[in-house]
Amino acid sequence: MKHRTTARLAASLLALALGAGLAGCSSANDDLANQYKQGDGKGYISGDGSVQEIAPGDRGGAVSFSGTAVDGATVTNADYADKVLVLNFWYANCGPCRAEAPTLESAYQAVQPAGAEFLGVNIYDGPEGAKAFDEKYNITYPSLLAKDDADLKLAFASWTPLQSVPITLVLDRQGRVAARFIGRVESESILKTIINDVVAETT
């Protein structure tokens with residue numbers, strides 16, 4: 001029997017957390033994060049790999065994006081038409097990003113034959129730093145460079161505060177967000193189950 005173990009987050013709490021930009025590794029908001037940690041925690045979600053799943057009828061519009069990959073190639077959402085796409089937001093010096101890297105690569109290898117693809121979005125590093133990370137952790141899927149790309153950042157603004165990572169989105173075949181992991185993805189099994197469920201959708 002297939003088990004789906006997911007922690008569903010209350011919409012109001014999630015909105016507060018995303019508004020504050022405090023999931024996982026904070027790069028620009030460390031002081032703000034510390035203030036929340038020292039308080040009562042309202043509006044703050046720790047990066048624990050919690051996942052919000054969104055039923056097909058409740059999903060918004062398709063995510064549209066275009067950016068430059070680490071190798072200099074232009075990559076857009078059109079390159080993943082009719083594919084389930086997993087977007088992982090990261091940067092090299094983020095501890096949880098390093099910790100989850102082997103999990104993501106392993107999941108990618110497992111689900112790609114079924115019709116799912118992975119794409120990283122590096123929010124801070126240049127091409128050399130991002131490439132060194134990929135080589136160290138044997139990451140075989142591409143990443144876009146968002147540091148100096150305002151349009152790319154804007155494309156994802158509704159779903160993730162790019163100053164806080166890691167966050168992982170699962171897009172369905174129509175390019176709509178079907179699931180969102182807040183913080184480090186700790187369970188490869190849960191990630192694969194969600195991806196495979198989205199791949200199996202007929203609508």
Side-chain angles (χ1 to χ4, degrees), residues 9 11 13-29 32-33 43 45 47 49-54 56 58-71 73-94 96-97 100-101 104 107-108 116-127 129-130 133-134 139 141-185 191 194-195 198:
L9 304 177
L13 180 59
L14 183 60
L16 284 170
L18 293 179
L22 295 172
C25 258
S26 291
S27 57
N29 285 332
L32 186 57
I45 297 176
S50 297
V51 60
Q52 176 194 27
E53 293 187 80
I54 305 169
D58 295 329
R59 295 171 192 166
V63 178
S64 178
F65 64 86
S66 177
T68 302
V70 174
D71 65 1
T74 298
V75 178
T76 77
N77 56 286
D79 296 321
Y80 299 95
D82 297 322
K83 295 276 191 179
V84 170
L85 177 61
V86 179
L87 290 165
N88 175 253
F89 298 83
W90 66 282
Y91 67 95
N93 285 333
C94 169
C97 302
E100 73 176 1
L104 294 173
Y108 168 62
E117 296 289 344
F118 276 47
L119 178 65
V121 181
N122 185 296
I123 69 166
Y124 186 77
D125 304 306
F133 181 96
D134 288 346
I139 303 298
Y141 54 85
S143 279
L144 302 180
L145 300 174
K147 180 181 180 181
D148 299 316
D149 192 334
D151 289 338
L152 181 60
K153 292 177 181 178
L154 184 62
F156 301 117
S158 296
W159 288 103
T160 174
L162 288 185
Q163 67 268 38
S164 297
V165 294
I167 289 178
T168 300
L169 305 179
V170 180
L171 308 188
D172 65 17
R173 294 182 187 275
Q174 288 75 49
R176 305 172 301 174
V177 176
R180 169 172 48 187
F181 285 79
I182 306 297
R184 173 187 171 187
V185 176
L191 177 60
I194 290 174
I195 294 169
V198 178

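Worth knowing before you read on, the calculation uses all heavy atoms, side chains too, and leaves out hydrogens, waters and symmetry mates.
Summarising the geometry of Gly129 relative to Ala92, their closest heavy-atom pair is O-CB, 4.4 Å, with the distance given to 0.1 Å. Nearest heavy-atom pair, Gly183 versus Glu100, reported as atom, atom and distance to 0.1 Å: O-OE1, 4.0 Å. Looking at every heavy atom in both residues, Val75 comes nearest to Ala69 through CG2-CB, 4.0 Å. Minimum heavy-atom separation, Ser64 to Ala155: O-CB, 3.3 Å.
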**Q.** Step-by-step side-chain contact (heavy atoms from CB on, under 4.5 Å) determination, Leu169 to Phe181
**A.** CA-CA 6 Å; Leu169 305 179; Phe181 285 79; over 6 Å; no
Q: Evaluate the side-chain contact (heavy atoms from CB on, under 4.5 Å) criterion for residues Trp159 and Val63: first the C-alpha distance (whole Å), next the side-chain angles of each, then the deciding distance (0.1 Å), finally the verdict.
A: CA-CA 9 Å; Trp159 288 103; Val63 178; 4.3 Å; yes
**Q.** CA sep, side-chain torsions, deciding dist, call: Arg180, Ile54, side-chain contact (heavy atoms from CB on, under 4.5 Å)
**A.** CA-CA 9 Å; Arg180 169 172 48 187; Ile54 305 169; 5.7 Å; no
Q: Any chance you could lay out the side-chain contact (heavy atoms from CB on, under 4.5 Å) test for Ile195 and Tyr108, step after step, and finish with the verdict?
A: CA-CA 10 Å; Ile195 294 169; Tyr108 168 62; over 6 Å; no
Distance-only donor-acceptor pairs under 3.5 Å for side chains of residues 79-86, two or more places apart:
unit_1, atom_1, unit_2, atom_2, d
Asp79, OD2, Thr76, N, 2.9

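With contacts defined as side-chain heavy-atom distances shorter than 4.5 Å, the pair Tyr141/Glu117 does not qualify. Val121 places a side-chain heavy atom less than 4.5 Å from the side chain of Phe156. For the pair Pro127/Leu145, a side-chain contact is recorded, criterion being any heavy-atom separation below 4.5 Å from C-beta on. Residues Ile182 and Val51 are not in side-chain contact: their nearest non-hydrogen atoms beyond the backbone lie 4.5 Å or more apart. Side-chain contact check for Phe118 versus Leu87: every heavy-atom pair is 4.5 Å or farther apart. Counting heavy atoms from C-beta outward, Thr68 and Leu144 have side chains that stay 4.5 Å or more apart. Asp151 places none of its side-chain heavy atoms less than 4.5 Å from the side chain of Ser66. Using a 4.5 Å heavy-atom cutoff, the side chains of Ile194 and Glu53 are in contact.
Between the side chains of Ser143 and Trp90, at least one donor-acceptor pair of N or O atoms lies under 3.5 Å.
Remark: the backbone N or O of Ala130 is not paired with any side-chain donor or acceptor of Asn122 at under 3.5 angstrom.
Between the CG atom in Leu154 and the CG atom in Asp149 there is a gap of 10.0 Å [rounded to 0.5 Å]. Here Cys97 contributes atom SG and Phe133 contributes atom CZ; the two are 6.5 Å apart, rounded to the nearest 0.5 Å. We find the CZ-CG distance between Arg176 and Asp58 to be 10.0 Å, quoted to the nearest 0.5 Å. Once rounded to the nearest 0.5 Å, the distance linking CG of Leu104 with CG of Leu191 reads 6.5 Å.
For the pair Arg59 and Asp172, the salt-bridge criterion is met [side-chain N within less than 4.0 Å of a carboxylate O].
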